[in-house]
There are 2 protein chains.
Amino acid sequence: MSTHRRPTIRDVAELAGVSMATVSNVVHGHAHVREGTRQRVFDAIEKLGYRASRAAKSLPAGRTFMLAYCLPGDTAPNSALDVFLHQVVSTASDADLELLLFAQKRADRVQPYAELLRGGGADGFVLSEIEYEDKRVAYLKERNIPFACFGRVDDPAVHWVDVDGASGIRAAVEHVYLQGHQRLAFVGWPNGSPTGDDRLLGFTEETESLGLEPQSVVRVINDFDAGRKAVPNLMDGSDPTAIVCVSDTVALGVMAGLRDIGAAPGADVAVTGFDDIPAASLTAPGLTSLRQPMDQVGALLVQRLVAQLIGQSAPNSILVQPDLIVRESTTGNGAASAEPEPHTRERNL
Amino acid sequence: MSTHRRPTIRDVAELAGVSMATVSNVVHGHAHVREGTRQRVFDAIEKLGYRASRAAKSLPAGRTFMLAYCLPGDTAPNSALDVFLHQVVSTASDADLELLLFAQKRADRVQPYAELLRGGGADGFVLSEIEYEDKRVAYLKERNIPFACFGRVDDPAVHWVDVDGASGIRAAVEHVYLQGHQRLAFVGWPNGSPTGDDRLLGFTEETESLGLEPQSVVRVINDFDAGRKAVPNLMDGSDPTAIVCVSDTVALGVMAGLRDIGAAPGADVAVTGFDDIPAASLTAPGLTSLRQPMDQVGALLVQRLVAQLIGQSAPNSILVQPDLIVRESTTGNGAASAEPEPHTRERNL
DNA sequence: ACGTTTTCTTGAAACGCTTCAAATCGTGGA
DNA sequence: TCCACGATTTGAAGCGTTTCAAGAAAACGT
């Protein structure tokens, strides 16, 4: 019952028969501590299970020993969040940092950051869902607060990590090309998102470089139905044999749309997506897609952040490559009952 | 360039011409502060944009003003995490609490909690993925640390919130029964998980109560392929016309398995899932499923926790009801091109 | 006008840790 | 043996808040 008081540095000092200052020195590996003393202190620490309290450390240090991440405000499902967060937390923990989560409530994207900073804040921020001219970037940069972005930023001073969407799409195009497809189409997002624009760029670049004639491109919002409804238009003019999509959601819609008009995705028309969301492998035929290495991204972001915190310089921007995951939507054997790769599991939270 | 120092309570005191203690009193709404003084202090606070630093508040208070949540250790996709976390963070924020995220690194489920607590900890924990005889529950309870579980715990003293899986499955059974199905089957998880056992219970209860003869039940791990491969056995003996599944992942596998043997899910055999993962609506036919109200759960958990923190008593356990989302997998019009409900969108992180 | 109350304010200690100038130790050279 | 000097260790201040006993001010009754 007696909730034992957490041991303080004073308890350790007394047990080891030294002053609090010495304990602090030992803990911080400061020079000039005699070996015997160091040992006694370590023993005491061990015995008491001592660990400096975050709050007490913060106060004199003027740092919080925490990073912060703002959950996006909308409620759209974000299937990669768990992997991403897990990696962010783990990497941060390696640098003895913890992760504070906060959320955007209103439309204002900057306000939650300002609010958090007023109340003690964090030592640095991980940003995601970067948009062109992102207000948050401007806000944090102006205040000299360390941050790292998941998503490219057009400012050489800003640290960012992004997935090379263009390169990913190029790989998808090359893949279907090697499967013998010559007439491709691209289903993209509306103009104006860094991610969408980048992926489209990959499509035009690669089809050109393969010497294919200009291919048809349609743009829809990121939505299953939008993809589904885009199919009739798409098959109208150019009559493509492969449809490269900007996202899995759209691609799955396209697959449904193909079935609506009596075409078999995978067998009659190849389809590729992007993101490798769980649904891509929970459907038959499985959807060929590009997996974003969210674990890498998470780790790199935190490393970037930590580098800033300890004043190290490091390259500011990094592009990581997505992996092409080939499934039956581009290989044709749609009814294959043997899945090539182990399926991921879905859990209850 | 000059990174303005965050204003402290002393700055406010000076500007308002009062002592720090008075500022503190005003902020905390303590009695006996003259109206004029209160106003002056508020003005100063407003003008300076003052907010007490979390760390400085923590120290004398002996609390951290933070809740903590441990991300599950494995890397299985958890599509509902974002909604859940968002709600947890928002609700916590309403009580002026922030959310600290940490992660399990090794197999030991308790160790990360112990570690976090040693280093300053948190005022309370939100647990998920509760198992029978959960070690974490024992650990925290023993130490008198406030916590609330997402998942039922067989201990009246423990605060928990869970989704009523049995009731959800009963609704699914009733639904397919009303569609005219009499021969049902259940695809469940291996014995031993509170969630899986509960859902199975709903199936046996409801089929019995409907006066149906004992139905066949198979158990598989929570995996697409496992569901897919279970179909042949299932259609062997009892030849069910409706298959109720313990999860969407399994259900999607079952749908694929049905196609493998030439049956049309939705048209020939009805299929239901559980969890309403994004994939359930990103497939054709859409999968009838039970949506867990993760937002409710998140909010309730935090409310439970806050009640403990401020010493209020409140009912310890709450069951929330999942919503049956009917799609074409049980209504037959599998090729319908008009989806009944707006599709959710998938984003890049 | 004066002693009492009652209402407002405030000084200073305490929270646990870091820091740094100053004190103490120990050792080699004279 | 004594002193200087680097190696160790430590006392005490300070980080921003809260708290509470105690002081100051306003209000009251006579």
Side-chain angles (χ1 to χ4, degrees), chain A residues 3-42 44-45 48-66 96 98 117-123, chain B residues 3-42 44-45 48-66 96 98 117-123:
Chain A
T3 308
H4 276 300
R5 190 173 54 79
R6 260 162 41 81
T8 74
I9 198 174
R10 158 173 273 120
D11 299 323
V12 175
E14 278 173 11
L15 179 55
V18 298
S19 73
M20 286 158 42
T22 298
V23 176
S24 181
N25 285 338
V26 169
V27 170
H28 292 74
H30 275 282
H32 301 315
V33 179
R34 202 179 307 163
E35 186 50 31
T37 313
R38 173 193 310 285
Q39 203 44 250
R40 250 180 310 140
V41 170
F42 273 140
I45 287 178
L48 265 40
Y50 166 79
R51 186 122 148 7
S53 127
R54 191 194 317 114
K57 230 173 15 179
S58 283
L59 204 38
R63 309 190 291 131
T64 62
F65 304 97
M66 297 197 269
D96 265 310
E98 286 165 331
L117 283 171
R118 293 204 319 144
D123 296 345
Chain B
T3 308
H4 276 301
R5 190 173 53 80
R6 260 163 40 82
T8 74
I9 199 175
R10 159 172 273 120
D11 300 323
V12 175
E14 278 174 10
L15 179 55
V18 298
S19 73
M20 287 157 41
T22 298
V23 175
S24 181
N25 284 339
V26 168
V27 170
H28 292 73
H30 275 283
H32 301 316
V33 179
R34 201 180 306 165
E35 185 50 32
T37 312
R38 175 194 309 286
Q39 203 44 250
R40 250 179 310 141
V41 171
F42 272 140
I45 287 178
L48 265 41
Y50 167 79
R51 187 126 150 0
S53 125
R54 190 196 315 114
K57 234 177 6 183
S58 281
L59 201 39
R63 309 189 293 131
T64 63
F65 304 96
M66 297 198 269
D96 264 309
E98 286 165 330
L117 284 170
R118 294 203 319 145
D123 296 344

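First the proteins, then the strands, lettered A, B, ... as listed; each starts at 1.
In terms of the side chain to side chain contact (heavy atoms under 4.5 Å, CB included) criterion, residue partners of B:Leu15 (sequence neighbours excluded) are, by chain and number, B:Ala44, B:Lys47, B:Leu48. Not counting sequence neighbours, B:Arg34 has no partner by the salt bridge (Lys or Arg N to Asp or Glu O under 4.0 Å) test. Residues satisfying the salt bridge (Lys or Arg N to Asp or Glu O under 4.0 Å) test with B:Arg38, not counting sequence neighbours, are B:Glu35. By the side-chain hydrogen bond (donor to acceptor under 3.5 Å, both in side chains) test, A:Asp123 is found to be paired with A:Thr64, residues two or more places apart in sequence or in another chain being considered. Taking B:Arg40 as the reference, nothing meets the salt bridge (Lys or Arg N to Asp or Glu O under 4.0 Å) condition, with sequence neighbours excluded.
Under the salt bridge (charged side-chain N to carboxylate O under 4.0 Å, His left out) criterion, the residue pairs touching residues 7-22 of chain B are B:Arg5-B:Asp11, with sequence neighbours excluded. Note on residues 23-32 of chain A: no pairs pass side-chain hydrogen bond (donor to acceptor under 3.5 Å, both in side chains), not counting sequence neighbours.
Using five terminal pairs a side, the axes of the helix from C:dA1-D:dT30 to C:dA30-D:dT1 at its two ends make an angle of 50°, given in steps of 10 degrees.
Put simply, CG on B:Asp11 is 11 Å from P on D:dC15, counting in whole angstrom units. Separating the CZ atom of B:Arg54 from the C1' atom of C:dG16 is a distance of 17 Å, rounded to the nearest angstrom. Going from atom CD of A:Gln39 over to atom P of D:dT8 covers 16 Å, rounded to whole Å. Between the CZ atom of A:Phe65 and the P atom of D:dC15 there is a distance of 17 Å, given to the nearest Å.
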I'd like a table of atom pairs between the protein and nucleotides 5-8 of chain C - only N or O on both sides, under 3.5 Å - with the distance next to each one.
from, atom 1, to, atom 2, distance (Å)
C:dC8, OP2, B:His32, ND1, 3.1

Interface polar pairs with nucleotides 17-21 of chain D, N/O, under 3.5 angstrom:
from, atom 1, to, atom 2, distance (Å)
D:dT17, OP1, B:Tyr50, OH, 3.1
D:dT17, OP1, B:Ser53, N, 3.2
D:dT17, OP2, B:Ile9, N, 2.4
D:dT17, O5', B:Tyr50, OH, 3.2
D:dT17, O4', B:Ala56, O, 3.3
D:dT18, OP1, B:His28, NE2, 2.8
D:dT18, OP2, B:Ser24, OG, 3.0

Which pairs would a plain distance check flag for residues 49-58 of chain A, meaning a side-chain donor or acceptor within less than 3.5 Å of a matching protein atom at least two apart in sequence or in another chain?
from, atom 1, to, atom 2, distance (Å)
A:Arg51, NE, B:Glu115, OE2, 3.2
A:Ser53, OG, A:Ala55, N, 3.3
A:Ser53, OG, A:Ala56, N, 3.0
A:Arg54, NE, A:Glu98, OE1, 2.6
A:Arg54, NH2, A:Glu98, OE1, 3.2
A:Arg54, NH2, B:Gly121, O, 3.0
A:Ser58, OG, A:Arg54, O, 3.1
A:Ser58, OG, A:Arg63, O, 3.0

List, one per line, each side-chain donor-acceptor pair under 3.5 Å for residues 16-23 of chain B, sequence neighbours excluded.
from, atom 1, to, atom 2, distance (Å)
B:Ser19, OG, B:Ala21, N, 3.4
B:Ser19, OG, B:Thr22, N, 3.3
B:Ser19, OG, B:Thr22, OG1, 3.3

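Contact check, B:Thr22 against C:dT10: a side-chain N or O comes under 4.0 Å of OP1 or OP2.
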